[in-house]
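Just so it is clear, the values below take in all heavy atoms, side chains as well, and ignore hydrogens, waters and symmetry mates.
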Amino acid sequence: MNVKNMGPSVTFSNLHYCVQERKLCRKHGPEKYILKDVSGIMRPGMNAIMGPTGSGKTSLLDVIAGRKNPVGLKQGLVLVDGRAVTSELRLSSAYVVQDDILMGTLSVRENLLFSANLRLNPKYHSTEDKNSRVNEIIRDLGLTDCADTKIGTEFLRGVSGGERKRCSIGMELITSPSLLFLDEPTTGLDSNTANCIIQLLHKLSRTGKTVIFSIHQPRYSIFRLFDHLTLMHKGEVVYAGAAAYTLDYFTNMADNSSLANTYRQSHLCQNVLQELEHVSQSSADKIKGPDEVADYPTTFFYQLRVVCGRTVKNILRNPQTSYAQLALNIFFAVLVGLIYYQIPLTLVEGIQNRSGAFFFLIINMVFGNLSAVELFINERAIFVHENSSGYYRTSVYFLSKIFADLLPNRIIPIFLFSAIAYFMMGLKLTFEAFLCFALTMSLVSLAGVSLAFLVSASVSSFAMANVLIALPFVFMMVFGGYLVNLNSMLSWLSWVKWISIFRYGLNAVFINELSGQVFQSDTTTVPGEQLLEIQGIDYSVWGFWQNPVALLGIMLVCMALSYVQLRRINRWK
Ligand SMILES: Nc1ncnc2c1ncn2[C@@H]1O[C@H](COP(=O)(O)OP(=O)(O)OP(=O)(O)O)[C@@H](O)[C@H]1O
């Protein structure tokens, strides 16, 4: 074993971790200790944490890895090679979560390359370096045969469960971390695949890495590969020592006291406590330092390029969000065009049909964005994992959604929609009028999407998101100025009109279409401006432009709030 590349020793002493149980009617319930006076040392090699379900395996792993909310840590200290766990240390270690968090539309190689691009500093690693590092990992993890197979989504059959797990481990091995945490790496795998995964971890540990993992009911062939075992029961340690000594320990144990008490009085525990005392004394000066702020290995713009690249690939390979959106817009445009085909410039039919068409179009633009509430909810787990593992900044992820997802997915289909519907309906035939119409439609849609983004970034369940987005949309529609006369509304209610996307959208398209046109009946002709005046709509230049400006304002405010909400997403487990 090369001593220079040896993984660190992780020591933890006197850990008391508590959570607040949530009660139905009260926000905070009583405190529940899920780790009680837990101490131990984990050295380079295979360190397993075992115990029955609910015993605190994952909690212990998360506290040691610095992934559990520090607010719950009532007492205790975790040191890595005698140093406090700083954010820098956290980023230089690796954590493989239990659920494989991979982009399903990308292949194994593309996922690994994504990790390499963001986590290896381009100053020290050329593109060739990164490619060869990815190839090395593919070879080491036995992924050669499926390297170019997509991971798989609900619509696309991809690699097997074992291959997914190996790819997840590979994502973290890219940086050659000397400290690797894994949360139940064999859960959900068949015994043969589980064996392969543990063999792989064993091989890694033999290169000097410190591998720490929680595991459920391993079979003997797997158990004998463990160097160190921590056995948990009801949040307490009942055994911590050499895995090979476990059987002897329990065979020789007197059965007159509880497992945790017996362990506390054993020489094993006394030796650990003595060593921990020594470590904490010798590192007292180092552990008082403030948490260092870790820097990302790549720049903001580099991250933006890589993350946007992945988002675009994901869109192109996911027919649901791109082609379906386009097809739906074309279908609706043709439908509206056929229903309101070549509307005449007449006072009764012309105005009635224009009103109906515009209302229908605006509804379609706003409600067509309901699906946007899924965006951050779908990717919440992947975002939280990648963001807290130091792949990219929150702002990069957010902007990538705007540049690579929102703009092409919403703006292009809307321009196509506008072009088809506008000319089929026979609206005002000038280039400026068409541009103003398409601009209004785009802004209406973007304002709706932004509100959906805000909801999506604020809640984690689809059911809640759907309720939260439907309510403001319906309110805004009622206050759009079409279903009810806003002048006759109760004054304390009428303020809603100032935030109604529908009102701004409808006003803009009406001014755009009616001004400069003359409408005829059998007996009279009426200029469009007069009709706007009757409706109380200001048709001056500013009267028109205040609507796109208000839509832009709603959009920017919702976007800014969505970003704030994304930053506030709970990263702790
Ligand atoms: N954030 C939390 N809020 C409330 N209870 C929690 C929280 N985190 C953990 N617990 C509780 O703490 C106990 C230990 O949970 P933990 O997930 O660590 O157990 P585990 O041994 O890993 O279980 P399993 O094998 O089923 O995953 C459980 O009773 C769990 O319900």
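Asn378 CG: more than 12 foreign heavy atoms inside a 6.0 Å radius. Crowding of Lys36 atom NZ: a count of heavy atoms from other residues, nucleotides or ligands under 6.0 Å exceeding 12. Residue Gln217 qualifies as open at atom CD: its count of foreign heavy atoms under 6.0 Å is 12 or below. In the displayed structure, Lys74 atom NZ is contacted under 6.0 Å by more than 12 heavy atoms of other residues, nucleotides or ligands.
Checking side-chain atoms of Asn111 against main-chain N and O of Met103 turns up a donor-acceptor pair under 3.5 Å. Lys57 contributes a side-chain N or O that, together with a main-chain N or O of Gly51, makes up a donor-acceptor pair within less than 3.5 Å.
Looking at heavy atoms from C-beta onward, Ser456 lies out of side-chain contact with Glu374 at the 4.5 angstrom threshold. The shortest distance between side-chain heavy atoms of Phe181 and Val96 does not fall below 4.5 Å. Looking only at side-chain heavy atoms (C-beta outward), His233 and Pro52 come within less than 4.5 Å of each other. Residues Leu399 and Leu304 are in side-chain contact: their nearest non-hydrogen atoms beyond the backbone lie under 4.5 Å apart. The shortest side-chain heavy-atom distance between Cys167 and Leu102 falls under the 4.5 Å cut-off. In this structure, Arg264 and Glu236 have side chains that are in contact, with non-hydrogen atoms separated by less than 4.5 Å.
Across all non-hydrogen atoms, the minimal contact from Pro297 to Gly390 is CD-O, 4.3 Å.
Of the inter-residue distances, the one linking Leu120 atom CG with Thr127 atom OG1 reads 11.0 Å to the nearest 0.5 angstrom. The NE2 atom of His228 lies 7.5 Å from the CD1 atom of Ile41; values are rounded to the nearest 0.5 Å. With rounding to the nearest 0.5 angstrom, the NE2 atom of His202 is 11.5 Å from the CG atom of Asn195. To the nearest 0.5 Å, the span separating CZ on Phe12 from CD1 on Ile64 amounts to 4.0 Å. Between atom CG of residue Leu77 and atom CG of residue Asn14 there is a gap of 9.5 Å, rounded to the nearest 0.5 Å. To the nearest 0.5 Å, atoms CG (Leu35) and OG (Ser55) are separated by 9.5 Å.
Checking Tyr397 against Glu379 by side-chain atom types alone, a donor-acceptor pair falls below 3.5 Å. In summary, the side chains of Arg305 and Thr298 do not present any donor paired with an acceptor at a separation below 3.5 Å, with no hydrogens or angles considered. For the residue pair Tyr95/Asp62, the side-chain donor-acceptor check at 3.5 Å is satisfied. Checked by atom type, the side-chain pair Ser160/Glu163 shows a donor-acceptor distance below 3.5 Å. If you check the side chains of Arg109 and Ser107, you find no donor sitting under 3.5 Å from an acceptor. Side-chain polar atoms of Thr193 and Asp190 form a donor-acceptor pair below 3.5 angstrom. A side-chain donor-acceptor contact under 3.5 Å links Arg119 and Tyr391. Remark: the Thr105 side chain and the Asn314 side chain contain an N/O donor-acceptor pair separated by less than 3.5 Å. For the 3.5 Å distance criterion, the side chains of Tyr563 and Arg567 qualify, holding a donor opposite an acceptor. Between the side chains of Arg133 and Ser176, at least one donor N or O lies within less than 3.5 Å of an accepting N or O. Thr144 and Arg139 share no side-chain donor-acceptor pair at under 3.5 Å.
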Next on the checklist: Under the criterion side chain to side chain donor-acceptor pair (under 3.5 Å), I'd like the reasoning laid out for Glu386 against Tyr392: C-alpha separation, chi angles, the key distance, then a yes or no.
Outcome noted: CA-CA 7 Å; Glu386 292 178 345; Tyr392 46 69; 2.6 Å; yes

Item to check | Trace of the side-chain contact (heavy atoms from CB on, under 4.5 Å) decision for Leu454 with Ser458 | outcome: CA-CA 6 Å; Leu454 176 57; Ser458 307; 4.0 Å; yes

Checklist entry - After noting the C-alpha distance and the side-chain angles of Phe453 and Phe376, does the key distance pass the ring pair (Phe, Tyr, Trp, His ring centres under 6.0 Å) rule? => result CA-CA 7 Å; Phe453 267 26; Phe376 296 129; 5.1 Å; yes

